[in-house]
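What follows is a short report on a single structure.
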Amino acid sequence: MAVPTSYQDFTETLTNANPPTDWPDALKAMWLAATDNWEASHDIAQDMFNETGSWIHAYLHRVEGDKFNAGYWYRKAGKPFPNISLEQELQEITTNLLER
């Protein structure tokens with residue numbers, strides 16, 4: 001399946017059993033996060049050694065409720081700790097990935 005071109009297209013894939021295998025790892029991680037598969041999403045994010053991986057990692061620890069750990073990863077990603085809802089941040093990260 002082709003990479004979605006919008007967040008709306010992305011959300012329409014969330015009823016699938018798994019993310020498409022040909023998607024980039026970052027997008028797969030966000031798909032897994034959106035479908036409440038924290039552990040699998042975290043497994044991908046922690047193996048991404050770049051700012052995007054750190055941003056996803058930060059978001060996941062925020063989901064988990066671990067603000068201290070999330071703060072560390074936001075700093076590594078060069079991002080401030082967000083003042084938006086988790087749902088808004090999920091959309092922000094995913095949209096950022098789709099626009100690349």
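Remember, predicted model here, so these are calculated numbers, not experimental data. For the single chain, residues carry numbers from 1 onward in sequence order.
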Which residues pass the side chain to side chain contact (heavy atoms under 4.5 Å, CB included) test with [X], not counting sequence neighbours?
X	result
Ala33	Ser41, Tyr59, Leu60, Leu90
Lys79	Trp55, Tyr74, Ala77
Asp66	His61, Glu64, Phe68, Asn69
Thr5	Asp9

Got a sec, which residues hit side chain to side chain donor-acceptor pair (under 3.5 Å) with [X], two or more places apart in sequence or on another chain?
X	result
Gln88	Ser85
Glu99	none
Thr52	Arg100

Hydrophobic clusters here meaning ILVMFWY residues chained together by side-chain heavy-atom distances under 4.5 Å, can you tell me if [X] and [Y] are in one?
X	Y	answer
Leu86	Leu32	yes
Phe49	Ile93	no
Leu14	Leu98	yes

Quiz prompt | Heavy-atom neighbours of Asn83 CG exceed 12 at 6.0 Å | solution = no

Quiz prompt | Flag side-chain contact, heavy atom, 4.5 Å: Phe10 against Gln91 | solution = no

Output side-chain donor-acceptor pairs under 3.5 Å for residues 16-28, partner residues at least two apart or in another chain, one line each.
residue	atom	partner	partner atom	Å
Asn16	ND2	Thr13	O	3.3
Trp23	NE1	Ala2	O	3.3
Lys28	NZ	Thr21	O	3.0

Exercise. Go through the structure and list residues passing ring pair (Phe, Tyr, Trp, His ring centres under 6.0 Å) with Tyr72, not counting sequence neighbours.
Key: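 For Tyr72 there are no ring pair (Phe, Tyr, Trp, His ring centres under 6.0 Å) partners, ignoring immediate neighbours.
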
Practice problem: Walk me through it: do Arg75 and Phe81 pass the test side chain to side chain contact (heavy atoms under 4.5 Å, CB included)? | Solution: CA-CA 8 Å; Arg75 287 189 298 279; Phe81 200 98; over 6 Å; no

Quiz prompt | Ala29 to Ile56 - nearest heavy-atom pair and separation | solution = CB-CG2, 4.2 Å

Self-check item: Contact list for residues 85-97, test salt bridge (Lys or Arg N to Asp or Glu O under 4.0 Å), sequence neighbours left out
Solution: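 Checked against salt bridge (Lys or Arg N to Asp or Glu O under 4.0 Å) - neighbours excluded - the pairs reaching residues 85-97 are Arg62-Glu89.
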
Quiz item: Which residue pairs satisfy the salt bridge (Lys or Arg N to Asp or Glu O under 4.0 Å) criterion with at least one member in residues 35-52, sequence neighbours excluded?
Solution: none

